[in-house]
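Each chain gets a letter, A, B and so on, in the order its sequence line appears, and its residues count up from 1.
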Amino acid sequence: MQEKLKYLNSSQVAGFLARVRREKPLIHHITNYVTANDCANITLHTGGLPVMAHAFDEVEEMVEAARTLVLNIGTLQPDQVAAMIKAGKKANRLGIPVLLDPVGAGATKLRTESARKILSEVKVSVVKGNYAEIAILAGTEAEIRGVDAAGTVEDIDRIAREFAAARDVTVVVTGVTDIVTDGRTGYKISNGHELMGTITGTGCMAGSVIGCFLALQDSPVHEAAAALICYGIAGEIAAGRADVYGPASFRTAFFDSLYNLQEKQISRMAKFAAY
Amino acid sequence: MQEKLKYLNSSQVAGFLARVRREKPLIHHITNYVTANDCANITLHTGGLPVMAHAFDEVEEMVEAARTLVLNIGTLQPDQVAAMIKAGKKANRLGIPVLLDPVGAGATKLRTESARKILSEVKVSVVKGNYAEIAILAGTEAEIRGVDAAGTVEDIDRIAREFAAARDVTVVVTGVTDIVTDGRTGYKISNGHELMGTITGTGCMAGSVIGCFLALQDSPVHEAAAALICYGIAGEIAAGRADVYGPASFRTAFFDSLYNLQEKQISRMAKFAAY
Amino acid sequence: MQEKLKYLNSSQVAGFLARVRREKPLIHHITNYVTANDCANITLHTGGLPVMAHAFDEVEEMVEAARTLVLNIGTLQPDQVAAMIKAGKKANRLGIPVLLDPVGAGATKLRTESARKILSEVKVSVVKGNYAEIAILAGTEAEIRGVDAAGTVEDIDRIAREFAAARDVTVVVTGVTDIVTDGRTGYKISNGHELMGTITGTGCMAGSVIGCFLALQDSPVHEAAAALICYGIAGEIAAGRADVYGPASFRTAFFDSLYNLQEKQISRMAKFAAY
């Protein structure tokens, strides 16, 4: 499905990755305790430097040293929302990009409302979720529940674009096909492998990898797409290894493959289309 | 030690596992931050879907979507107990099974009293612990401390059965020989491998795997026994692999082996006896 | 750079490790949620038994059962400081060694001040940090920032010795060359491998390994040096394995190598000098 692209091509993807590795941006996470270790490791393997700090009293200072702020509500406590908003507003004043991963939005009121509150009080560069999370935040819950599997990609694509345009945010919807859109430009990405769904944290880690690319302050829609292309290709390379027997050996190979990812692998394996 | 069994046989064990894989039950954990990632992964590898959510304001809603509630006090804070009880009562009203892992009961008053409080306010289907934890909850601390190693299995077996009968709960005691009893029916399970003791979280993860099987709502004593048989066999398979050199490569192989566990492996390797 | 040593030689290093494995000391951690799982595992692989407990109401009781207390401020919340000081004072009364890892001191006021508060209220046996963290605690921030890379080891060595002497504490500075000093005796350790910097938690885990050795209550400066020698050698062995392709397979091999570390490997590979 590779097409002639308007903006992004595979050598630009590799170029972004090379810059991350060279610049080693500090990525400040306020995130959940389930996948925090995975997020720290994937940040290192992508080329960034992770720091996790969530205390209300220190998040502003920490964000000053960072180049991206990643907010993930995976194991939310109500008092964390205030720290996230405080950190987010500071990032906004400093011109540091903010990524929001609204984990579980739609599953509980606390999560839905917390995600909405963050979105309304902080200027978020990228909001990244699965189909259900994005649909909820876009306010189209009813619609998305009614569609069948065949119709989903087109529907979520439209929902994501409208949401992105209305909120002036880049929207990333992860799934078998990933969608990245800022309401005008957009990408559909087909990289990835089903083994990525057999380990926990692949969603959260995608947020960290996108966070590394956002630190470059090029264009969020292109950076997010490039990050997901690299991430998906690493998954495909890992899945093809002879010493992968299941989810845990896949996980090891996946981390190694992202760390070792080469430009020629990106140019040969990238599967994405702009629209 | 395989005997003619009253209720459970190895093809039923395999049948339970097949159902978990087919039904993919959502397992709501309120658990510790040390092994949360392991518990999420093992839930996925068993066939379930993990969710970790501990905020007082959302646990009731989350439990509504779940098929089992797993409560683990491994890194307890006093305010978590209220959330656990709230979630547990909601699970009780909805008929959703609850598993309690009283990690460290006996080590500190906070843990002993919290475990007792949960047991007294929530109808727990399965309480799972090691010898010391179960003995403490059964109120027989003095007794268990006096026994020597040779006498332990018989003593703990009796303690577990009496505790189970008195509290109308299925009791699981993990050790070299695992004991599962509801006070009437019971199993002794000899599957497992000593390498399982060289990594952290094998106790917590056993709780998650049992949680997946409890979601089937057959019979807790049979489900818990079946879960531990699968879990122990996966450990034995992993320990026998040629690429296992120590605890960390064992851990990888263990996760992979559980994910790949086949009916024929279960029927060939299951080592358990009913009584 | 092996020299004739005043106190420690490689067979004493191996002797310490053998004692840890034989005595299996309980190591009480009050630590961060990012690397808690790694710290628990590395404690087991070194030969100790980990317990993580941070609730204000239980830390004193838990420390009573432990042989070392490890305090790590990696994901600090202000209320944790009180629990750390309470546990530390109890450890002091009981003669149990305390290790402090001031993660991120210098990065935020909360961390710098918390680390200082712990150091002033608790008698700490070992404070372990990277160059920046130790320099900040030693009050020589300005100086360390001015030095270039070539001058760093000598400067930090002097800073560490003065800090150790002034505070009567063993200071461990981790880096390409590790420095361990109590102000009089000291070691420079060259073991380790650059792949250790590609995974998260190698600093925190070093604290756990040192914690295991401190439990022996020999001499903190020798125990800390011995721990880091073993830790670094395990890293070198892992890096040399044929099945290591990147950070994640290195991590697996590193854990396995520490678990399997033999006296003959220590005597052949130890690279340290006393002064």
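Of all heavy-atom pairs spanning D256(A) and S249(C), the tightest one is OD2-OG, 2.5 Å. Smallest separation of non-hydrogen atoms from T75(C) and H54(A): O-CE1, 3.3 Å. Residue T31(A) comes nearest to Y33(C) through the heavy atom pair O-OH, 3.9 Å, listed as atom of the first residue, atom of the second, then distance. The shortest heavy-atom contact between A107(C) and E61(A) is O-OE2, 4.1 Å. Contact record, V34(C) with A40(A): CG1-CB, 4.1 Å, taken as the closest heavy-atom pair.
Most heavy-atom pairs under 4.5 Å with chain C: of the set N260(A), T252(A), L258(A), this distinction falls to T252(A).
Between T35(C) and N37(A), the closest side-chain pair of non-hydrogen atoms falls below 4.5 Å. Inter-residue side-chain proximity for F255(A) and R251(C) is flagged as unmet; no heavy-atom pair is nearer than 4.5 Å. Here the side chains of Q77(C) and E58(A) are not in contact, with every heavy-atom distance at 4.5 Å or above.
When heavy atoms are compared at a cutoff of 4.5 Å, D38(C) approaches chain A solely by way of its side chain, counted from C-beta outward. At a 4.5 Å heavy-atom cutoff, the contact between A53(A) and chain C is made by backbone and side-chain atoms alike. Residue contact with chain C, scored on non-hydrogen atoms closer than 4.5 Å, is absent for D79(A). Residue contact with chain A, scored on non-hydrogen atoms closer than 4.5 Å, involves the backbone and the side chain of I199(C) alike.
Side chains of T200(C) and N41(A): a donor-acceptor N/O pair is absent below 3.5 angstrom, by distance only.
Using a distance-only test at 3.5 Å, with no hydrogens or angles considered, no donor-acceptor pair links the side chain of H45(A) to the main chain of P247(C).
Atoms CD and OG1, on E64(A) and T108(C) in that order, are 11.0 Å from each other to the nearest 0.5 Å.
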